Amino acid sequence: MAPEVQSKKRKIDDEGVLVKKAKKKQKKQREDEADLDVEAGLNKAFARMDGQLLADQLAQKTSRFGTELSPIELSDLYISANAIKDTTSYEKPRNLENLPDFLEKFSAEPEKLNNASKTCGAPHTLVVSAAGLRAADTVRALRTFQKKGNTVAKLFAKHFKVEEQVAFLQKNRSGMAVGTPQRLVDLIENGALATSHLKRIIVDASHIDQKKRGIVDMRETLMPLVRLLSRKEFKDKYTDPDHPIDLIFY
C-alpha cells in the first residue's frame with residue numbers, strides 16, 4: 001500500500017478511535033449526571049459501590065489531588081477494598097432522615113448505639129462530613145441516640161475552636177462524634193479524641209452540595225479524609241477479626 005494511502009487510513013482510524021472515546025466519555029458523563037440529585041443533595045452512585053469500587057474511587061481521587069506525593073506516600077494512603085464494609089443491600093435513600101436506620105442495620109450490636117464509654121472523649125462511632133453545616137445537620141439527625149450523660153460530639157471547625165472541643169472531650173462522654181476530616185485528625189493527634197473504643201467510621205459520602213461536590217470531590221476534604229482513614233491504628237483494625245473497626249460509606 002502506498003505511503004499516502006497508509007497515512008490517510010491511519011488518520012481515519014485514529015479519528016474513529018477519538019470519536020468512540022468522546023462518545024463513551026459523553027455517555028459516562030450523562031450517567032454520572034443522572035446520579036446527582038441536587039435537590040435531595042445526593043450522589044446516588046455511592047449506594048451501588050461495593051468495597052472494590054469505593055477503594056478504586058478513593059485511590060483515583062487521591063492520585064488526582066495528591067500530585068505532590070511520591071508513589072510511596074500515595075501507597076501509604078491506600079485503603080484496601082477488604083477494609084470497606086459492603087452496604088449495597090441498603091435500598092433506602094442515603095439522606096440524614098435514614099441515617100439512624102442505616103446505622104442500626106449495619107451495626108453488630110444496634111442496641112448499644114446509644115451507649116457511651118465511661119472514658120471521656122472516646123466515642124464508638126465517628127461520622128465524617130465534608131463541611132461544618134452538614135456536620136451540624138448530622139448531629140441533629142443522630143440525637144435519637146443521645147441520652148443523659150451521652151452527648152453527640154460536634155467536632156467541626158465552623159464556629160468552634162480546637163481548644164473548646166478539647167475541653168468538651170475531656171469533660172464529656174460521647175458515644176458518637178461528628179466532624180470534618182482535618183478537625184478530626186487534629187483532635188486525634190493532640191490526644192483529645194481517643195480511638196480506643198472506636199467500632200465504626202462512617203463517611204458521609206453520598207451528600208453533595210449545590211455545586212454537585214461531595215467529600216471525595218474536593219482536595220481540601222479528600223486529602224485529610226484519606227489521611228484520617230489510613231491512620232495505622234485504624235488500618236490494623238479494619239480486618240481484625242477480634243476487635244474490628246468497620247469502615248462504612250453512607
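Quick caveat: nothing in here was measured; it's all calculated off a predicted structure. Just the heavy atoms: all of them, side chains too, but no hydrogens, waters or symmetry mates, feed the values below.
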In a table with atom names and distances, give each donor-acceptor pair under 3.5 Å that connects a side chain of residues 243-250 to protein atoms at least two apart or in another chain.
unit_1 : atom_1 : unit_2 : atom_2 : d
Tyr250 : OH     : Asn95  : N      : 3.2
Tyr250 : OH     : Asn95  : O      : 2.5
Tyr250 : OH     : Leu99  : N      : 3.3

So how far is it from Gln146 CD to Lys148 NZ, rounded to the nearest 0.5 Å?
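NZ of Lys148 is found 13.0 Å from CD of Gln146.
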
Is the closest side-chain heavy-atom distance between Ile208 and Arg213 below 4.5 Å?
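In short, these two side chains do not touch, never coming nearer than 4.5 Å.
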
Partner set under side-chain contact (heavy atoms from CB on, under 4.5 Å) for Glu163, not counting sequence neighbours
Lys161

With Ser89, which residues qualify under side-chain contact (heavy atoms from CB on, under 4.5 Å), at least two apart?
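Checked Ser89 against side-chain contact (heavy atoms from CB on, under 4.5 Å); matches are Lys105, Phe106.
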
Under the ring pair (Phe, Tyr, Trp, His ring centres under 6.0 Å) rule, what pairs show up with a residue in residues 202-239, not counting sequence neighbours?
none

Which pairs count as ring pair (Phe, Tyr, Trp, His ring centres under 6.0 Å) when at least one residue sits in residues 175-198, sequence neighbours excluded?
none

For a 4.5 angstrom cut-off between non-hydrogen side-chain atoms, does Ser129 reach Val178?
yes

I need the Asp56 CG to Ile79 CD1 distance, nearest 0.5 Å.
13.0 Å

Check whether Val152 and Leu133 end up in the same hydrophobic cluster, where Ile, Leu, Val, Met, Phe, Trp and Tyr are linked by side-chain heavy atoms less than 4.5 Å apart.
no

Mark yes or no for whether His124, through its side chain, and Leu113, through its backbone, hold a donor-acceptor pair below 3.5 Å.
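It does hold such a pair.
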
Residues two or more places apart in sequence or in another chain: which of them pass side-chain contact (heavy atoms from CB on, under 4.5 Å) with Arg140?
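side-chain contact (heavy atoms from CB on, under 4.5 Å) list for Arg140, sorted by chain: Ala136, Asp137, Arg143.
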
For the OG1 atom of Thr221 and the CD1 atom of Ile215, what is their distance to the nearest 0.5 Å?
5.5 Å

Does Asn150 use its side chain to pair, donor to acceptor, with the backbone of Gly175 at less than 3.5 Å?
yes

Report, as yes or no, whether the 6.0 Å neighbourhood of atom NZ on Lys235 holds more than 12 heavy atoms from other residues, nucleotides or ligands.
yes

With a 4.5 Å heavy-atom cut-off, do Gln57 and Val216 have their side chains touching?
yes

Measure the spacing between SG of Cys120 and CD of Gln170 and express it to the nearest 0.5 Å.
9.0 Å

To the nearest 0.5 Å, what is the distance between CG (Leu69) and CG (Leu74)?
5.0 Å

Atom of Ala55, atom of Ser80 and distance for their closest heavy-atom approach
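The pair with the smallest heavy-atom distance is CB-C, 4.2 Å.
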
Sequence neighbours excluded, which residues qualify as side-chain contact (heavy atoms from CB on, under 4.5 Å) partners of Lys171?
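Not a single residue meets the side-chain contact (heavy atoms from CB on, under 4.5 Å) criterion with Lys171.
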
Point-to-point distance, once rounded to the nearest 0.5 Å, from CG of Leu142 to CG of Leu96:
8.0 Å

Any chain of hydrophobic side-chain contacts (each under 4.5 Å) joining Phe156 to Met176?
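Cluster IDs for Phe156 and Met176 match.
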
Which pairs with one or both residues in residues 70-83 pass salt bridge (Lys or Arg N to Asp or Glu O under 4.0 Å), sequence neighbours excluded?
none

Heavy-atom side-chain proximity of Lys199 to Thr125 below 4.5 angstrom:
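Lys199 does not reach Thr125 side chain to side chain.
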
Are the side chains of Leu103 and Pro110 in contact, using a 4.5 Å heavy-atom criterion?
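Contact flag for Pro110/Leu103 side chains = no.
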
Show which side-chain atoms of residues 58-66 pair as donor or acceptor with protein atoms under 3.5 Å away, not counting sequence neighbours.
unit_1 : atom_1 : unit_2 : atom_2 : d
Lys61  : NZ     : Asp217 : OD1    : 3.1
Thr62  : OG1    : Leu58  : O      : 2.6
Ser63  : OG     : Ala59  : O      : 3.1

Answer yes when Lys92 and Glu97 have at least one side-chain N-carboxylate O distance shorter than 4.0 Å, and no when they do not.
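Not counted as a salt bridge, because no side-chain N and carboxylate O are separated by less than 4.0 Å.
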
Please check if the number of heavy atoms outside Glu68 that lie under 6.0 Å from its CD is greater than 12.
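It does: Glu68 CD has more than 12 such atoms within range.
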
Please enumerate all residues that pass ring pair (Phe, Tyr, Trp, His ring centres under 6.0 Å) together with Tyr90, with sequence neighbours excluded.
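Ring pair (Phe, Tyr, Trp, His ring centres under 6.0 Å) list for Tyr90, sorted by chain: Phe102.
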
Do Phe168 and Thr151 have side-chain heavy atoms sitting under 4.5 Å apart?
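Heavy-atom side-chain distance check passes, below 4.5 Å.
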
Which pairs, with at least one residue in residues 108-126 and sequence neighbours excluded, count as a salt bridge (Lys or Arg N to Asp or Glu O under 4.0 Å)?
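Listed once each, the pairs are Glu109-Lys112.
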
Output side-chain donor-acceptor pairs under 3.5 Å for residues 181-192, partner residues at least two apart or in another chain, one line each.
unit_1 : atom_1 : unit_2 : atom_2 : d
Gln182 : NE2    : Asp186 : OD1    : 2.9
Arg183 : NH1    : Phe160 : O      : 3.1
Arg183 : NH1    : Gln165 : OE1    : 2.7
Glu189 : OE2    : Arg231 : NH1    : 3.3
Asn190 : OD1    : Ala192 : N      : 3.0

Any side-chain donor-acceptor pair under 3.5 Å between Ser174 and Asn172?
no

Taking the side chain as everything from C-beta on, heavy atoms only, tell me whether Ser117 gets closer than 4.5 Å to Arg173.
no

For residues Val203 and Leu225, determine if any side-chain heavy atom of one lies less than 4.5 Å from a side-chain heavy atom of the other.
yes

Indicate yes or no: does Asp204 engage Arg94 in a salt bridge with an N to O separation below 4.0 Å.
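Looking at Arg94 together with Asp204, the answer is no, because their closest N to O distance does not fall below 4.0 Å.
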
Look at the side-chain heavy atoms of Ile, Leu, Val, Met, Phe, Trp and Tyr, link any pair under 4.5 Å apart, and say whether Leu222 and Met49 land in one connected group.
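Leu222 and Met49: one cluster.
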
Sidechain-backbone polar pair: Asp35 side chain, Asn43 backbone, donor-acceptor under 3.5 Å:
no

